[in-house]
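Every value quoted in this text rests on a predicted model; they were computed, and no experiment measured them.
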Amino acid sequence: MNLSTREGRREQGLRLQRAVERAGLSIEELAGRIGCSRALIYQYLSGSTLAQPDRLQNIARECGVSLTYFYAADDEAGDAPAQRDAQAGPAAISPDGPESMARLNVLDALARAQAQPPDYRALANTSELIIAAAQSAGESALECAGLLRLGTARLNLSEYAEAARALQKALTLAIESGDRSSESAARQSLGKALVLL
């Protein structure tokens, strides 16, 4: 689904409407639970306004669906909401096949959403999915980004040894690819993890 088009935003709005109906909520109830106006929810439903990832994360929680339900490609969304992403493990998405890049893009959008506002446990789980899919697809830049996110999440969860392992791998990949920005970020975070160890 292309969210830069009105059709893509409308598709996301239809998925939102199905999730709300399945949860047995009214638009007013949903708006009250997530702290926004009814009018804003209706704008999301119509596709006139793109729902921000943090707002969608709150909606997903209230409706009992996964955040990826609102981002997945048409053939991946299905009619039934999926289980929550925070409970998914690295094997939940098979990275094989031509659709692996689309799945990586969905996971990347999900990870960005989970970082704002932070849900570090969910971010760590999604980052592990990204790493596994990127390794399988041979996408070292996405693998490095996933490792950096995983390291950051683990640091914030006070899991310093795991953070150091992820950040060391990210550093190695960044050096191999010549990505100075990722190398600098990995070095800084790795230093912090090592000090906290």
[atom1] of [X] to [atom2] of [Y]: how many Å apart, nearest 0.5 Å?
X      : Y      : atom1 : atom2 : answer
Arg121 : Asn156 : CZ    : CG    : 11.0 Å
Leu147 : Ile130 : CG    : CD1   : 10.0 Å
Leu25  : Ile59  : CG    : CD1   : 10.5 Å
Glu139 : Ile131 : CD    : CD1   : 14.5 Å
Arg187 : Leu171 : CZ    : CG    : 5.0 Å
Arg38  : Glu28  : CZ    : CD    : 5.0 Å

Give the minimum heavy-atom separation between [X] and [Y], together with the two atoms involved.
X      : Y      : answer
Leu155 : Tyr160 : O-CE2, 3.6 Å
Ala164 : Leu190 : O-CD1, 3.6 Å
Ala163 : Gly151 : CB-O, 3.5 Å

Side chains of Asn58 and Arg55: do they bring a donor and an acceptor to under 3.5 Å?
-> no
Look at the side-chain heavy atoms of Ile, Leu, Val, Met, Phe, Trp and Tyr, link any pair under 4.5 Å apart, and say whether [X] and [Y] land in one connected group.
X      : Y      : value
Leu14  : Tyr69  : no
Leu157 : Leu196 : no
Leu142 : Leu150 : no

| Do the non-hydrogen side-chain atoms of Glu176 and Leu173 ever get within less than 4.5 Å of each other? | yes
### Task
Would you check if Val195 and Lys192 make a side-chain contact, meaning some heavy-atom pair closer than 4.5 Å?
no
Checking the side chain of [X] only, and the main-chain atoms of [Y] only, is there a donor and an acceptor separated by less than 3.5 Å?
X      : Y      : result
Arg22  : Cys63  : no
Ser184 : Ser181 : no
Gln12  : Phe70  : yes
Ser48  : Tyr44  : no
Ser127 : Leu123 : yes
Asp179 : Ile175 : no

- Message: Please evaluate residues Ser189 and Leu148 with respect to the criterion side-chain contact (heavy atoms from CB on, under 4.5 Å), reporting the C-alpha separation (whole Å), side-chain torsions for both, the decisive distance (0.1 Å), and the verdict.
- Response: CA-CA 8 Å; Ser189 295; Leu148 280 170; 5.5 Å; no
Pair Arg154 + Glu128, salt bridge at N-O below 4.0 Å: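 So Arg154 pairs with Glu128 through a salt bridge.
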- Query: Does a side-chain N-to-carboxylate-O contact under 4.0 Å join Arg180 and Glu183?
  - Reply: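 Looking at Arg180 and Glu183, the cut-off is met.
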Contacts of Ala141 meeting side-chain contact (heavy atoms from CB on, under 4.5 Å) (sequence neighbours excluded), chain-then-number -> none
key: side-chain contact (heavy atoms from CB on, under 4.5 Å) between Thr172 and Lys169, worked out   = CA-CA 5 Å; Thr172 301; Lys169 289 178 186 176; 5.7 Å; no
By side chain to side chain donor-acceptor pair (under 3.5 Å), Glu29 pairs with (sequence neighbours left out) Ser26
